[in-house]
Amino acid sequence: MERIEIIPLGGIGEFGMNCMGIRYGDEMIVVDAGMGFPEETPFGVDISIPNFDFLEEFRGDLTALILTHGHEDHIGALPYFLKKFNLPVYTSRFTMALAERKLEEHKMLDDVLLHRVEPNDIAEIGNFKIEFIHASHSLVDCFSLAIKTPLGTLIHTGDYKIDDTPVIGPPYDLKTLAKYGDDGVLALLADSTNATVPGRTPSERAVIPAFEEIFSETHGRIFVSTFSSSMHRLQIIFDLAHQFGRKVSVLGRSMQKNVEIADDLGILQIPHNTMISFGESRGLDDDEIVYLVTGSQGENRAALWNLATGTYKGMEIEKGDTVVLSARIIPGNDKNISRLIGHLYKRGANIIEEKRRLIHVSGHASQEDIKIMVETARPKYLVPIHGEYRMLFRHKEFVKNHVEGYSDENVILIENGDVLEFDERGARVLENRQLNRTFIDEESSGEIEYDVIRERKKLASGGAVSLVVTVDKKSGAIIGEPKISFQGVAGIDLTNGVATNARQTIAEAVGAMSKTQITDLNLFKENLRVHLKRFLQKEIGTKPVIVTTIVEI
Ligand SMILES: [Zn+2]
């Protein structure tokens, strides 16, 4: 029997790491390959990606990777994905430019086949016919996908909001969506990020009045921090700067790069002579300059953080400066942002946050946008995606209660690792497989083994003990006293004798061992570790990581 399988690898029941396999017959396409930002930043790991090994069993079926838009939670894992599965990639011009930069950093640009597509292009990939539908979002050049298969059509919204008046580009292409609605849509896979928010999401244009006020009432320097990918927002700042006789200088590598790409592609229309270098900006009066800076999330190495802490080369935030934080707080970043704001206040800056004025709007569909989406696509089944479980659930409840014709039967909640199957008889979740995430080391861009994370976790909770024992190579006799040092182990201080007793326990253990037990170094090491472990557990009740070193002389 014909069937379609939907297999999410990430992005369902969590924020970020969006990735989904869609299979028909013996062909499978993958939509997005996103990064995740683990909220707890466990043990020095800031980045995670989906566990692509899961797709190994479908290796022979995989035909293409489709990228809906250029946010990191949709393309951040691209190099890691392509290293495992070198598939042709289909995406828009702006997303492609961002993807190319990423692949270049990983030195793999020459090995990858990238197809640039325009809105309403149709890519025929085996049994799949995919139309790219222009979607409005906080970024530009974004797509929803109409994925036609012999069994029926799926609509994957990507990230979207229904913006009737975006700053750059046309509104959401509801006309094309409606055409599919008329022909019949089997399932709508839809963004849930803002499903808990009532009403419509304001247009990207909605922030203009508040920014106009800020520009007209400020006489000092203005610093605007926003996501470096928020093109509509950047365009607004360039336009207002021009209108109010200010120049714009862009600080921070990711912002400079993105502005350069968007300027080259003609996505940003930067008014003539408005953008200047940092060096040029230093010669201007305070009321003649706006700085666009990275670091709205309080990131410790970003431009705004450095300006706020006096570590930016050649300039710092001073009394009289106005700092506009034009971004939402990504879950998990609250503390960093709070510290950043503290530093800015200490320097006497005036801070304008989202809470006080309309200087930021979301890029995701609120409940009334969702209603428009569902009523236009009129799918047989709705599958909420992109969001924590709470958001998926509320998405379902909202549609059940506010859109006619939807009930528990045709709004389907799935989680990462579920296999959702459609066939002529209907839809069902077949199985759930446990999916681990893969952690990435930011410095080396390499994968971090799960064992390493487990070790770090142990270190964080129990600390470490190092034991050094010196033995005579010939006789096997122990030389001098065992040396034990403690790092971050609770219950140990120099006065309570635990260290002395530990040393004594080890010395006694060694005394009781036979010569062969000592000359087999691996056995000796393991024996010592076990003795010390037992002792520490009994004495202080913790399980630190124990590192044993045998020195032979
Ligand atoms: Zn997005």
Side-chain angles (χ1 to χ4, degrees), residues 8-20 30-37 47-50 65-78 89-99 101-102 119 132-145 155-163 166-169 171-173 189-197 201-204 226-235 254-255 258 261-262 267 296-297 326-333 360-366 369-370 373 384-388 391-392 395:
L9 272 73
I12 303 198
E14 66 189 343
F15 168 73
M17 234 167 68
N18 299 293
C19 183
M20 174 183 283
V30 178
V31 177
D32 289 335
M35 232 174 210
F37 308 94
I47 293 170
S48 62
I49 60 171
L65 173 65
I66 321 284
L67 302 175
T68 58
H69 67 288
H71 276 143
E72 286 295 329
D73 53 334
H74 295 259
I75 68 164
L78 180 67
V89 180
Y90 293 76
T91 196
S92 69
R93 63 181 171 153
F94 184 61
T95 311
M96 192 159 132
L98 297 177
R101 193 175 75 197
K102 218 170 254 306
F132 299 86
I133 302 175
H134 172 76
S136 44
H137 186 37
S138 50
L139 198 59
V140 293
D141 276 11
C142 305
F143 290 135
S144 293
L145 307 172
I155 303 285
H156 185 299
T157 65
D159 281 352
Y160 79 101
K161 69 181 189 182
I162 309 287
D163 192 338
V167 180
I168 301 170
Y172 190 100
D173 182 5
L189 313 164
D191 180 11
S192 309
T193 310
N194 267 2
T196 60
V197 181
T201 299
S203 167
E204 289 293 322
T226 187
F227 297 117
S228 58
S229 59
S230 298
M231 289 298 144
H232 305 277
R233 198 73 42 83
L234 300 184
Q235 182 67 55
S254 63
M255 186 86 84
N258 283 0
I261 290 174
I267 289 168
S296 64
Q297 299 302 302
S326 176
R328 79 172 175 119
I329 297 175
I330 290 183
N333 293 339
H360 174 70
V361 289
S362 169
H364 298 275
S366 302
D369 302 64
I370 288 172
M373 172 57 71
I385 59 170
H386 298 175
E388 294 165 16
M391 300 159 185
L392 309 176
H395 194 164

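First listed ligand is number 1; within each ligand, the first listed atom is number 1. Heavy-atom basis, side chains included; hydrogens, waters and symmetry copies ignored.
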Chemist: Would you please name every residue forming a side-chain contact (heavy atoms from CB on, under 4.5 Å) with S92, sequence neighbours left out?
Modeler: T95, D141, F143

Chemist: Mind checking whether H386 and H395 have ring centres under 6.0 Å apart?
Modeler: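 Aromatic pair excluded; centres sit 6.0 Å or further apart.
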
Chemist: State the OG-CG distance between S192 and D159, to the nearest 0.5 angstrom.
Modeler: 10.0 Å

Chemist: Quick one: pull up OG in S138 and NE2 in H360 and give me the separation to the nearest 0.5 Å.
Modeler: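 If we round to the nearest 0.5 Å, S138:OG and H360:NE2 are 7.5 Å apart.
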
Chemist: List the steps and the verdict of side-chain contact (heavy atoms from CB on, under 4.5 Å) for E204 and I168.
Modeler: CA-CA 9 Å; E204 289 293 322; I168 301 170; over 6 Å; no

Chemist: Less than 2.8 Å away from the Zn ion (ligand 1), how many protein N/O/S atoms can be counted, ignoring water?
Modeler: 4

Chemist: Quick check for you: to the nearest 0.5 Å, what is the distance between D163 atom CG and T201 atom OG1?
Modeler: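 Output value for this atom pair is 9.0 Å.
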
